[in-house]
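Below is one structure; the comments refer to it alone.
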Amino acid sequence: MTERTQSALAVLRAAADLPPAAFSTSFGAEDMVVLDLIRRHALPISIFTLDTGRLPEETYALMQQVEQRYGKCVTNFFPDAQAVQELVAANGINGFYDSVDNRKACCAVRKLEPLGRALAGKRAWVTGLRAQQSVTRAALASRETDAERGLEKFNPLADWSESDVWAYIRANDVPYNALHDRFYPSIGCAPCTRAITPGEDLRAGRWWWSCLKTRSAACTSRTARCRA
């Protein structure tokens with residue numbers, strides 16, 4: 001076992017010591033490493049995902065692979081059907097393309113509200129975040145307090161590099177999303193995710209149309225992510 005893996009396990013065990021603990025997965029490469037560690041070492045951490053209803057087919061295929069490999073260990077949380085219906089009636093089925101406010105409204109209904117339900121009553125929240133994923137996460141710690149939700153947040157891969165992630169996946173034959181082989185380093189909802197080109201920020205493929213609409217200075221650089 002590598003030093004990186006031992007360190008990640010120590011963080012996961014610290015999370016497990018604050019029951020009930022839960023791990024949120026979107027089935028990206030980092031999340032698959034964390035899921036494998038939890039299941040491989042039988043850690044008492046529940047696992048959930050947010051099924052927004054707009055995920056790529058490749059993500060659903062991976063969900064099936066996970067069930068076949070690790071058993072039925074992931075709980076799906078869905079957005080409130082009435083809230084989705086009202087959102088679509090107000091903004092249109094793809095209204096999130098029209099403005100940043102509409103995009104945030106969509107995320108609030110499809111992601112944030114279900115996340116709140118998933119974390120209700122939990123003391124520890126485990127994520128697959130890494131400090132190197134973007135400049136906004138550069139100061140990411142392996143453990144931090146989420147004051148808004150009143151729980152402890154654990155990021156066992158905070159100091160892992162992308163090569164660390166893929167080395168673990170290959171060494172342990174961990175299943176992963178097929179979109180990663182098509183230059184999708186960060187995978188969210190299908191309409192909100194695109195492949196990136198060499199030199200772009202790892203998260204440049206998320207909410208990419210905001211760059212086209214705002215034409216901000218940050219967007220003109222292939223190495224910068226639009227934060228609109």
Side-chain angles (χ1 to χ4, degrees), residues 1-52 59 62-63 65-67 69-78 107 111-134 136-169 171-177 185-188 202-203:
M1 186 183 299
T2 67
E3 184 176 337
R4 278 275 193 265
T5 301
Q6 290 176 339
S7 176
L9 269 174
V11 175
L12 286 170
R13 289 185 173 121
D17 285 341
L18 286 177
F23 166 52
S24 57
T25 177
S26 58
F27 295 96
E30 291 83 2
D31 288 346
M32 289 308 303
V33 171
V34 177
L35 189 151
D36 185 80
L37 286 170
I38 290 172
R39 298 297 290 174
R40 184 180 297 271
H41 297 275
L43 299 176
I45 299 173
S46 62
I47 304 170
F48 71 88
T49 192
L50 306 177
D51 187 341
T52 64
T59 300
L62 180 56
M63 288 185 191
Q65 283 183 271
V66 166
E67 184 172 310
R69 171 76 172 270
Y70 302 99
K72 294 183 177 181
C73 59
V74 180
T75 299
N76 290 56
F77 281 81
F78 300 90
C107 286
K111 295 171 61 177
L112 296 183
E113 190 278 330
L115 177 63
R117 281 189 277 118
L119 292 176
K122 302 298 188 294
R123 293 179 65 201
W125 175 17
V126 177
T127 82
L129 299 178
R130 291 189 300 108
Q132 291 186 4
Q133 284 174 320
S134 71
T136 59
R137 295 176 182 172
L140 184 72
S142 61
R143 178 173 179 170
E144 52 194 357
T145 298
D146 188 323
E148 180 181 350
R149 295 183 173 87
L151 45 68
E152 290 295 294
K153 191 173 182 181
F154 294 83
N155 310 302
L157 307 188
D159 62 349
W160 283 41
S161 66
E162 185 177 6
S163 61
D164 290 330
V165 171
W166 286 102
Y168 182 94
I169 287 173
N172 295 281
D173 192 28
V174 176
Y176 63 88
N177 198 311
S186 178
I187 303 169
L202 291 177
R203 289 180 62 80

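No experiment lies behind these values; they were computed from the predicted model shown.
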So which heavy atom on Glu162 is nearest to which on Gln132, and how close?
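Smallest heavy-atom distance, with atoms named: N-OE1, 4.2 Å.
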Atom of Phe154, atom of Arg143 and distance for their closest heavy-atom approach
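Here Phe154 and Arg143 meet closest at CE2-CD, 3.4 Å.
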Let me confirm one number: the [atom1]-[atom2] distance from [X] to [Y], rounded to the nearest 0.5 Å.
| X | Y | atom1 | atom2 | result |
| --- | --- | --- | --- | --- |
| Asn177 | Thr59 | CG | OG1 | 4.5 Å |
| Thr2 | Asp164 | OG1 | CG | 7.5 Å |
| Asp36 | Tyr70 | CG | OH | 3.5 Å |
| Leu35 | Cys73 | CG | SG | 5.0 Å |
| Phe48 | Ile45 | CZ | CD1 | 12.0 Å |

Before giving the answer on side chain to side chain contact (heavy atoms under 4.5 Å, CB included), spell out for Met32 and Leu62 the whole-Å C-alpha distance, their side-chain angles and the decisive distance to 0.1 Å.
CA-CA 10 Å; Met32 289 308 303; Leu62 180 56; 4.0 Å; yes
[X] versus [Y]: any side-chain heavy-atom pair under 4.5 Å?
| X | Y | result |
| --- | --- | --- |
| Leu43 | Leu9 | yes |
| Ser161 | Arg4 | no |
| Leu157 | Leu129 | no |
| Leu37 | Pro156 | no |
| Ile47 | Thr75 | no |
| Lys111 | Leu115 | no |
| Gln65 | Arg69 | no |

Taking Arg39 for the side chain and Val34 for the main chain, is one N or O donor matched with an acceptor at less than 3.5 Å?
no
Hey, does the side chain of Asn172 reach the backbone of Tyr168 with a donor-acceptor pair shorter than 3.5 angstrom?
yes
For residues 19-26, which side-chain donor-acceptor pairs fall under 3.5 Å, sequence neighbours excluded?
unit_1, atom_1, unit_2, atom_2, d
Ser24, OG, Trp125, NE1, 2.8
Thr25, OG1, Phe27, N, 3.0
Ser26, OG, Asp31, OD2, 3.1

Would Thr5 and Trp160 count as a side chain to side chain contact (heavy atoms under 4.5 Å, CB included) here? Give the steps.
CA-CA 9 Å; Thr5 301; Trp160 283 41; 4.1 Å; yes
Taking only Lys NZ, Arg NE, NH1 and NH2, and the carboxylate oxygens of Asp or Glu, determine whether Arg123 and Glu152 approach each other closer than 4.0 Å.
no
Can Gln133 and Ser186 be said to form a side chain to side chain donor-acceptor pair (under 3.5 Å), step by step?
CA-CA 9 Å; Gln133 284 174 320; Ser186 178; over 6 Å; no
Considering the options Arg130, Glu144, Glu30, which one meets the side chain to side chain donor-acceptor pair (under 3.5 Å) requirement together with Asn155?
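Going through Arg130, Glu144, Glu30 one by one, the side chain to side chain donor-acceptor pair (under 3.5 Å) with Asn155 is satisfied by Glu144 alone.
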Under the salt bridge (Lys or Arg N to Asp or Glu O under 4.0 Å) definition, can you give me all pairs with a residue in residues 10-19, not counting sequence neighbours?
none
Pairs in or reaching into residues 42-52: which pass salt bridge (Lys or Arg N to Asp or Glu O under 4.0 Å), with residues at least two apart or in two chains?
none
We want to know whether Ser142 and Asp159 form a side-chain donor-acceptor pair, criterion being a heavy-atom distance below 3.5 angstrom.
no
Verify the neighbour count for atom CD of Gln6: are there more than 12 heavy atoms of other residues, nucleotides or ligands below 6.0 Å?
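Count over threshold, so yes.
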Sort out for me which residue in Asp146, Thr145, Leu151 forms a side-chain contact (heavy atoms from CB on, under 4.5 Å) with Glu148.
Asp146
Verify side chain to side chain contact (heavy atoms under 4.5 Å, CB included) between Thr127 and Lys153, making sure each step is shown before the conclusion.
CA-CA 8 Å; Thr127 82; Lys153 191 173 182 181; 3.5 Å; yes
